[in-house]
Protein chains: 2
Amino acid sequence: MATPDPQTPEPQTPDPQRPGFLLPLLLLAGFRTLIDDLHAELARQGHPELRPLHGFVLQAVGATGTTATELGQQLGVSKQAAGKTVDRLVALDYLERVDDPHDARRKLVRLTPHGLDGLHRSAVIFDELRQRWVAALGAERVAALEDDLRTVTPANWFRLDVPGWFAS
Amino acid sequence: MATPDPQTPEPQTPDPQRPGFLLPLLLLAGFRTLIDDLHAELARQGHPELRPLHGFVLQAVGATGTTATELGQQLGVSKQAAGKTVDRLVALDYLERVDDPHDARRKLVRLTPHGLDGLHRSAVIFDELRQRWVAALGAERVAALEDDLRTVTPANWFRLDVPGWFAS
DNA sequence: TATTTTAGTCAACGTGATTGACCAAACCGT
DNA sequence: ACGGTTTGGTCAATCACGTTGACTAAAATA
């Protein structure tokens with residue numbers, strides 16, 4: 001229990017329950033529940049090592065493959081950071097590197113069969129989770145929520161630098 | 001530009017635009033825009049070093065102060081992690097440590113005047129940002145969005161381990 | 001009083017990000 | 001065709017944030 005300090009009067013702090021504080025917390029909570037539920041289910045389906053970050057990377061690699069530099073640009077991080085993340089996903093057998101036959105500098109990053117499996121399962125699970133929201137809130141409310149978020153956020157961003165962005 | 005690999009056919013990947021994929025992205029985007037706008041404005045108002053993480057810590061410390069251990073429990077991280085974060089905020093003059101007169105083991109963590117200023121400005125800015133959403137969407141839609149998120153997320157969570165949670 | 005619990009710190013380590021430096025391959029202008 | 005510039009990948013150093021384990025000192029308890 002907090003022991004109030006007798007020497008100084010308590011300063012006036014803003015009410016933690018004010019609406020301005022709650023809105024971002026609710027958005028983060030929504031994101032986290034979805035991602036947590038996804039990865040709990042993915043772990044059950046044979047992908048326990050997949051982290052939230054990894055899912056976004058797999059999706060960014062996609063069907064055509066990319067390079068570390070392109071990946072970094074797409075995800076908003078440096079090419080070195082993207083390269084390191086690719087290294088880890090290669091070690092986990094989600095990605096593979098192959099030489100680009102057209103450009104000896106480039107190393108194409110591609111999904112392995114295991115990575116493709118994880119991506120497909122993620123898609124199915126995400127759809128199921130959204131259906132759960134629809135069941136709880138109604139299709140209209142979910143659609144409204146999505147529309148509204150699209151309205152107030154800059155179009156189409158997809159940045160992966162969450163850890164660094166959030167912390168420092 | 002992506003150079004397609006001629007040796008293997010492109011694997012079938014799920015459509016990145018499917019609704020299940022978009023929902024979490026929209027929630028994250030909403031959270032990020034709010035926090036980004038907040039910190040852009042905070043930087044303008046004399047708090048350029050404040051990071052998203054820091055704001056949550058300041059709020060958790062609040063009027064009464066805490067200890068590193070309590071902070072860790074409240075934010076869902078270890079006491080050591082909480083202590084390190086406090087160290088950084090002490091170095092930035094947002095927090096101070098004082099000895100607890102009732103318990104020589106405890107070191108109370110309190111807001112400095114500078115920290116209190118940052119917290120107050122955050123509250124005002126957050127309320128303004130929410131008002132901007134109300135102006136764009138209507139008060140009813142924003143309230144519906146908040147209600148819906150409350151419905152589908154576990155009550156009242158407030159965990160600070162975002163970097164580690166997201167990455168690994 | 002002796003033992004256990006609790007608060008805080010130190011150390012070692014893992015992960016993700018950064019910047020700067022560097023090499024080799026590709027591109028391009030003369 | 002050659003030589004300078006751009007580009008892709010990697011290495012190294014540094015920082016932020018998290019973890020667990022070990023340790024000290026003070027408080028609580030039996």
Side-chain angles (χ1 to χ4, degrees), chain A residues 1-3 32 49-57 60-61 65-92 94-110 159-168, chain B residues 1-3 32 39 49-57 60 65-92 94-110 159-168:
Chain A
M1 54 217 77
T3 308
R32 284 190 63 146
E49 298 122 321
L50 221 45
R51 306 289 317 148
L53 176 66
H54 300 158
F56 291 96
V57 171
V61 171
T66 15
T67 63
T69 298
E70 284 176 3
L71 198 58
Q73 289 170 348
Q74 191 176 346
L75 303 182
V77 298
S78 64
K79 61 179 180 177
Q80 295 93 328
K84 279 202 223 175
T85 301
V86 169
D87 286 343
R88 282 176 218 113
L89 284 168
V90 167
L92 292 172
Y94 284 93
L95 297 178
E96 61 183 355
R97 287 182 211 264
V98 302
D99 291 335
D100 186 330
H102 307 317
D103 185 338
R105 294 170 304 175
R106 292 161 54 101
K107 308 219 174 137
L108 287 179
V109 175
R110 284 193 318 202
R159 294 178 58 81
L160 247 275
D161 55 342
V162 173
W165 162 79
F166 189 72
S168 182
Chain B
M1 55 218 75
T3 306
R32 285 191 62 148
H39 285 280
E49 297 122 321
L50 221 44
R51 306 288 318 147
L53 176 67
H54 300 158
F56 291 96
V57 173
T66 15
T67 64
T69 298
E70 284 176 2
L71 198 58
Q73 289 171 346
Q74 192 176 347
L75 304 181
V77 297
S78 64
K79 61 181 181 176
Q80 296 93 328
K84 279 200 222 176
T85 302
V86 168
D87 287 343
R88 284 175 217 114
L89 284 168
V90 167
L92 292 173
Y94 283 93
L95 296 178
E96 60 183 357
R97 287 183 212 263
V98 302
D99 291 335
D100 185 330
H102 307 317
D103 186 338
R105 293 170 305 177
R106 291 160 54 99
K107 307 216 177 142
L108 287 179
V109 175
R110 285 192 318 200
R159 295 179 58 82
L160 248 274
D161 56 344
V162 173
W165 163 78
F166 190 71
S168 183

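Naming: A, B, ... by sequence-line order, numbering from 1 per chain.
B/R88 meets the side-chain hydrogen bond (donor to acceptor under 3.5 Å, both in side chains) test with no other residue; sequence neighbours excluded. Listed by chain and residue number, A/T69 satisfy the side chain to side chain contact (heavy atoms under 4.5 Å, CB included) test with A/Q73 (two or more places apart in sequence, or in another chain). Residues forming a side chain to side chain contact (heavy atoms under 4.5 Å, CB included) with A/A82 (at least two apart in sequence, or on another chain): A/L71, A/V77. For B/D87, the side chain to side chain contact (heavy atoms under 4.5 Å, CB included) criterion is met by B/R97, not counting sequence neighbours.
Following rounding to the nearest Å, B/R51 (CZ) and C/dG16 (C1') show an atom-to-atom distance of 14 Å. Counting to the nearest Å, the P atom of D/dT7 and the CG atom of A/L108 are 18 Å from each other. The NE2-C1' distance, from A/H54 to C/dG14, rounds to 12 Å in whole Å. Protein atom CG of B/L71 is 14 Å distant from nucleotide atom C1' of C/dA7, rounded to whole Å. The nearest whole Å value for the distance from the CG atom in A/D87 to the C1' atom in C/dA17 is 14 Å. In this structure, B/R88 atom CZ and C/dT9 atom P are separated by 14 Å, rounded to whole Å. Atom CG of A/L75 and atom C1' of C/dG16 are 13 Å apart (whole Å).
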Q: Under the side chain to side chain contact (heavy atoms under 4.5 Å, CB included) rule, what do B/E96 and B/V90 come out as? Steps first, then yes or no, please.
A: CA-CA 5 Å; B/E96 60 183 357; B/V90 167; 5.7 Å; no
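Considering all non-hydrogen atoms of both residues, B/L75 and B/A60 come closest at CD2-CB, 3.9 Å.
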(Q) Walk along nucleotides 20-26 of chain C from 5' to 3' and tag each nucleotide B, S or - by protein heavy-atom contact under 4.0 Å, base first, then sugar-phosphate. (A) BB---BS
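The side chain of A/R106 lies closest to D/dG9, out of C/dT19, C/dA7, D/dG9. When the nucleotides D/dC17, C/dG16, D/dT10 are ranked by their closest atom to the side chain of A/L53, C/dG16 comes out on top.
Judged by closest nucleotide on DNA chain C, B/G83 is the one of B/G83 and A/T85 placed further toward the 5' end. Both B/A82 and A/Q73 sit near DNA chain D, but only A/Q73 has its closest nucleotide nearer the 5' end.
A salt bridge links B/E70 with B/R106: at least one charged nitrogen is closer than 4.0 Å to a carboxylate oxygen.
Contact annotation for A/T69: backbone-only contact, meaning every heavy-atom pair under 4.0 Å involves sugar-phosphate atoms and none involves a base.
Here A/S78 reaches the OP1 or OP2 of C/dT18: one of its side-chain N or O atoms lies under 4.0 Å away.
B/K84 contributes a side-chain N or O that forms a donor-acceptor pair with the base of D/dG18 under 3.5 Å.
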